[in-house]
Engineer: 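Have a look at the structure that comes next, please.
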Amino acid sequence: MNNERDGLINTICIVLCVLLAILLVCMIITDKRSEKAQSETIEEFSAKSETYEDEQQELKRKLTDLRNSVNYTAETAKIMTGFVVSETSDISYIKEKAAAYGFTPVVVIDCTKETDFIKQITEELDRSWEIMLYAPTFSAEINEKVLSVISYLHSVSREHCGIFLLREGYNTSANIELLLNEGFIGYTVYNDLPKSGQANDDSVYFDYSFLTSSGTVISNRLPSLYNDKASMIVAFDMASINSGVLTDNYVVSLLDNIQSHVENGDCSFAAAAAVVSELSKINMTEAERQAEYEKEIRELQERIDELDDIIHDIYTELDAEQ
């Protein structure tokens, strides 16, 4: 009797052990399947999120590139070499210096001079030389004289470079507006720190140094010019040279100094037309880039914000699945 009971107990224990083993195996299998399913879900959601995250990173890089593209840096400083003429014999002096240093001279003509003088100077000029108009003061009467000179230049198929040389103190908003209305695309005026580019009125702008006497002012300004890669016209006053107030030795010394920096790659002698063209393109390009930036930044930021919401929803859904 006891043997039968012990056998029954043993059988029950065996059955229970088998059932527990089966249950444990089932739990392990179920857990593995659950882990696999969870892993597959995470991978699925991660893959979905990764697509949006990659797009978001690409858009952020595009925004950075777009911001950087708005800024322009000139390759080198540009120096235009000008001469404010006072008599026809000045032409031979200018020709000598242009040949010695290899620059295209900018002949600055004072529009307040007599008409015959202006005609004589214009006739003596080499066709490749550039003409920049200038007035020591500015008024409605002076403006009429400027218009008269422009009309004359047009009649003899000569054009001015489009930049008007203003003396310090005459670069008022009214005078500049008047010049722009008369067909000039920009102006140049003395400034303590050389700079060039786009003025507040969207015109082309660069500085000049009006040399009437020997001194160190221009020499002190040149390092800033080279460092800032700006454009400037160095305008020698021929009346001062003829009278000896501005010595030829100083002119030669200054031009030698500039030429040494040209050879070192710090700057280059440049024609006014080339500088005007470059600055015009820079201004236009910057304006176009700015407009493009302002348009695209809104669109890109909207998409980046939209992707933030999508990615957030994906991870919220993943948390709910888990």
Side-chain angles (χ1 to χ4, degrees), residues 64-65 67-84 93-108 126 128-132 161-163 165 185-199 203-211 214-237 241 246-290:
T64 299
D65 293 340
R67 289 190 181 99
N68 292 337
S69 72
V70 174
N71 301 317
Y72 171 86
T73 302
E75 294 180 0
T76 184
K78 304 289 194 305
I79 293 181
M80 293 150 282
T81 312
F83 297 84
V84 182
Y93 181 90
I94 298 171
K95 187 177 295 185
E96 174 193 333
K97 292 297 183 282
Y101 294 93
F103 57 75
T104 299
V106 180
V107 176
V108 183
D126 187 290
S128 66
W129 292 5
E130 298 179 296
I131 296 174
M132 181 180 289
C161 67
I163 298 292
L165 194 153
I185 60 175
Y187 61 97
T188 180
V189 65
Y190 181 87
N191 192 293
D192 290 335
L193 294 175
K195 60 182 182 297
S196 58
Q198 187 174 16
S203 61
V204 174
Y205 173 89
F206 53 81
D207 297 293
Y208 86 101
S209 184
F210 189 71
L211 300 184
S214 301
T216 59
V217 176
I218 180 62
S219 298
N220 291 338
R221 295 179 68 204
L222 289 177
S224 296
L225 180 79
Y226 304 144
N227 183 64
D228 297 338
K229 298 180 180 179
S231 300
M232 182 173 68
I233 178 169
V234 178
F236 297 101
D237 181 37
I241 293 175
L246 178 60
T247 66
D248 182 64
N249 286 339
Y250 179 77
V251 174
V252 170
S253 175
L254 180 58
L255 290 175
D256 283 344
N257 179 292
I258 294 173
Q259 188 175 54
S260 68
H261 284 279
V262 170
E263 293 170 354
N264 289 336
D266 298 325
C267 66
S268 61
F269 283 118
V275 174
V276 168
S277 176
E278 180 182 271
L279 293 177
S280 297
K281 290 176 182 177
I282 291 169
N283 293 340
M284 177 185 66
T285 302
E286 286 181 347
E288 290 176 346
R289 286 175 176 172
Q290 186 64 37

Engineer: So does K97 have more than 12 non-hydrogen atoms from other groups sitting under 6.0 Å from NZ?
Structural biologist: yes
Engineer: Would you give the length of the straight line joining atom SG of C161 to atom CE of M132, rounded to the nearest 0.5 angstrom?
Structural biologist: 4.0 Å
Engineer: Kindly assign one of parallel, tilted or perpendicular to the pair F269 and F103, based on the angle between their ring planes and the thresholds 30° and 60°.
Structural biologist: tilted
Engineer: Mind listing the closest non-hydrogen atom pair of A77 and L225 along with its distance?
Structural biologist: CB-O, 3.5 Å
Engineer: Is the shortest side-chain heavy-atom distance between V107 and F83 below 4.5 Å?
Structural biologist: no
Engineer: Using a 4.5 Å cut-off on heavy atoms from C-beta on, say whether the side chain of F236 contacts that of V84.
Structural biologist: no
Engineer: Evaluate the side-chain proximity of I131 to W129: yes if any heavy-atom separation is below 4.5 Å, no if none is.
Structural biologist: no
Engineer: Quick check for you: to the nearest 0.5 Å, what is the distance between I94 atom CD1 and T81 atom OG1?
Structural biologist: 11.0 Å
Engineer: Working to the nearest 0.5 angstrom, can you tell me the gap between M232 CE and I258 CD1?
Structural biologist: 7.0 Å
Engineer: Look up atom OG in S268 and atom CD in E263, then write down how far apart they are to the nearest 0.5 Å.
Structural biologist: 13.0 Å
Engineer: Could you measure the distance from the CD1 atom of I233 to the CD1 atom of I79? Nearest 0.5 Å is fine.
Structural biologist: 11.0 Å
Engineer: Identify whether NZ of Lys or CZ of Arg in K229 sits under 6.0 Å from the centre of the six-membered ring of Y226 and within 45° of that ring's axis.
Structural biologist: no
Engineer: Could you grab the distance from atom CG of N249 to atom CG of D256, nearest 0.5 Å is fine?
Structural biologist: 10.5 Å
